[in-house]
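All residue numbers in this chain count up from 1 along the given sequence. Both ligands and their constituent atoms are indexed starting at 1 by order of listing.
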Amino acid sequence: MQGSLRGNGGPRYRHTVEEGAPYETITVDKVTPIIGAEIAGVDLTRPLSNRQQDEIHRALAENLVIFFRDQALTPQQHLAFGRLFGDLHVHPAAPHEPGLPELMIIHADKDSPRANGEGWHSDVSCEEEPPMGSILHIGKCPPRGGDTLFANMYAAYEALSDRMKRYLEGMTAIHDGEHVYRGLYKNHGVADRPVYPRAEHPVVRTHPVTGRKCLYVNQGFTSALVGVPRDEGDAVLRYLYQHMENPLFQCRFRWRDNSVAFWDNRCAQHRALWDYWPHTRSGHRVTVKGDRPV
Ligand code: SIN
């Protein structure tokens, strides 16, 4: 399947980049035509003007994930940057810094049994109102490795056949936190909750800012399609997961100390690579609350 989105006389998935008005307060350098952009000309440790905030928001909408370099954010600066985009989310399971429940710890070292986000997912999609975005600051990188992959779910949706789009129209899926979170953070001393979130969401959602349709099922949390036999649902989900993993929809971010990635969970999925053991990769995530998918 990979790399095979080819019709007669050209690729089946044709992505056209619409150039908007030029940016005035930041520079935006696309990583691929389909997803990701590096943002320069802005210091996130200082208060941002309204114009800078608007342009960062626009760059996120246009590129799905945006990257910043050389941002030595303190916890308070990181939280303040997140609050510019909405109320902050508290993770239902993951450890956070003492007294700062909105500052999630992202850390793996030689003693870790696992690292965060190793499979394709959209953050906490098991909640009724999953987060709109996540802002990850990595302060300490391993000498090599620890990249994060991001994938464009508008592109994945648009590349489906018209028949598949019709099949998925109006369909919903169950997103479950139970199998993901129970026992997951035991090594950090986090006690399990009696129950973890579970929600039913449309398989294809419409982005509240761009008005575009995107696929909204992911391997991490989505456990079943609603209204079809289990074996059929499992087979369709397997197909969708394979389809959305096509490298054509992806970019790959190579971290350096004090880089920041800000991704839109509504239309992008991500996957972190734990290829750096026994080295340490360490940082924090601030997550911005979102709306109920429609
Ligand atoms: C996550 O899923 O939030 C972790 C991503 C990463 O560590 O790159």
Side-chain angles (χ1 to χ4, degrees), residues 31 35-36 38 60 64-69 71 73 75 78-79 81-82 85 88-97 100-109 112-127 130-153 175 177 179-181 184-185 187-188 190 196-197 216 218-222 241 244-245 250-277 279-290:
V31 177
I35 183 168
E38 283 214 25
L60 181 68
L64 294 73
V65 55
I66 50 180
F67 308 109
F68 303 82
R69 299 289 189 188
Q71 307 286 340
L73 292 178
H78 191 176
L79 291 163
F81 179 58
F85 301 94
L88 299 185
H89 171 268
V90 175
H91 197 280
H96 57 76
E97 288 298 342
L100 297 173
E102 296 145 330
L103 197 68
M104 177 177 162
I105 296 171
I106 299 282
H107 179 95
D109 62 29
S112 301
R114 50 173 291 280
N116 290 84
E118 285 181 79
W120 282 107
H121 67 289
S122 167
D123 290 327
V124 207
S125 71
C126 54
E127 289 189 341
M132 72 73 104
S134 302
I135 303 167
L136 178 60
H137 173 247
I138 296 290
K140 181 176 172 44
C141 288
R144 272 168 298 282
D147 297 356
T148 309
L149 306 177
F150 295 90
N152 179 331
M153 293 301 111
H175 295 237
H179 66 279
V180 179
Y181 294 136
L184 190 65
Y185 294 106
N187 63 310
H188 288 271
V190 179
Y196 285 105
Y216 195 67
N218 67 81
Q219 294 182 42
F221 293 100
T222 311
Y241 297 153
M244 61 181 54
E245 276 191 41
Q250 294 176 19
C251 73
R252 177 171 179 144
F253 185 56
R254 178 170 286 192
W255 295 86
R256 296 199 297 260
D257 289 359
N258 287 320
S259 300
V260 172
F262 183 0
W263 59 86
D264 187 330
N265 283 302
R266 298 166 295 191
C267 54
Q269 292 191 28
H270 59 286
R271 175 180 173 170
L273 303 181
W274 192 24
D275 53 359
Y276 50 89
W277 187 91
H279 297 285
T280 298
R281 178 179 183 273
S282 198
H284 294 102
R285 195 179 91 194
V286 165
T287 309
V288 184
K289 285 185 178 176

Do [X] side-chain atoms and [Y] backbone N/O form a donor-acceptor pair below 3.5 Å?
X    : Y    : result
D275 : G146 : yes
S122 : N265 : yes
R285 : I135 : no
Q71  : R69  : yes
Y241 : N218 : yes

Quick one: look up the protein heavy atom nearest [atom] and list residue, atom name and how far away it is.
atom                   : value
atom 7 (O) of ligand 1 : R281 NH1, 2.8 Å
atom 8 (O) of ligand 1 : T148 OG1, 2.6 Å
atom 3 (O) of ligand 1 : R285 NH1, 2.8 Å

Nearest neighbour of atom 1 (C) of ligand 1 from the list M104, H270, H91, on a heavy-atom basis: H270
Under-4.0 Å heavy-atom contact with ligand 1, by part of W263 that carries it: side chain
Structural part of L136 in contact with ligand 1, heavy atom criterion under 4.0 angstrom: side chain
Quick check on contacts: which atoms of ligand 1 are under 4.0 angstrom from a heavy atom of [X]?
X    : result
G117 : 2 (O)
H121 : 2 (O)
I106 : 7 (O)
A272 : 5 (C), 6 (C), 7 (O), 8 (O)

Polar contact flag for N116 and ligand 1 (N/O pairs, less than 3.5 Å): no
Polar atom proximity, W255 to ligand 1 (N or O, under 3.5 Å): no
Closest heavy-atom pair and its distance - V286, L88: CG1-CD2, 3.6 Å
Pair F221-Y181, ring pair (Phe, Tyr, Trp, His ring centres under 6.0 Å): steps then yes or no: CA-CA 10 Å; F221 293 100; Y181 294 136; 5.7 Å; yes
Any donor-acceptor N or O pair under 3.5 Å, side chains D123, T287: no
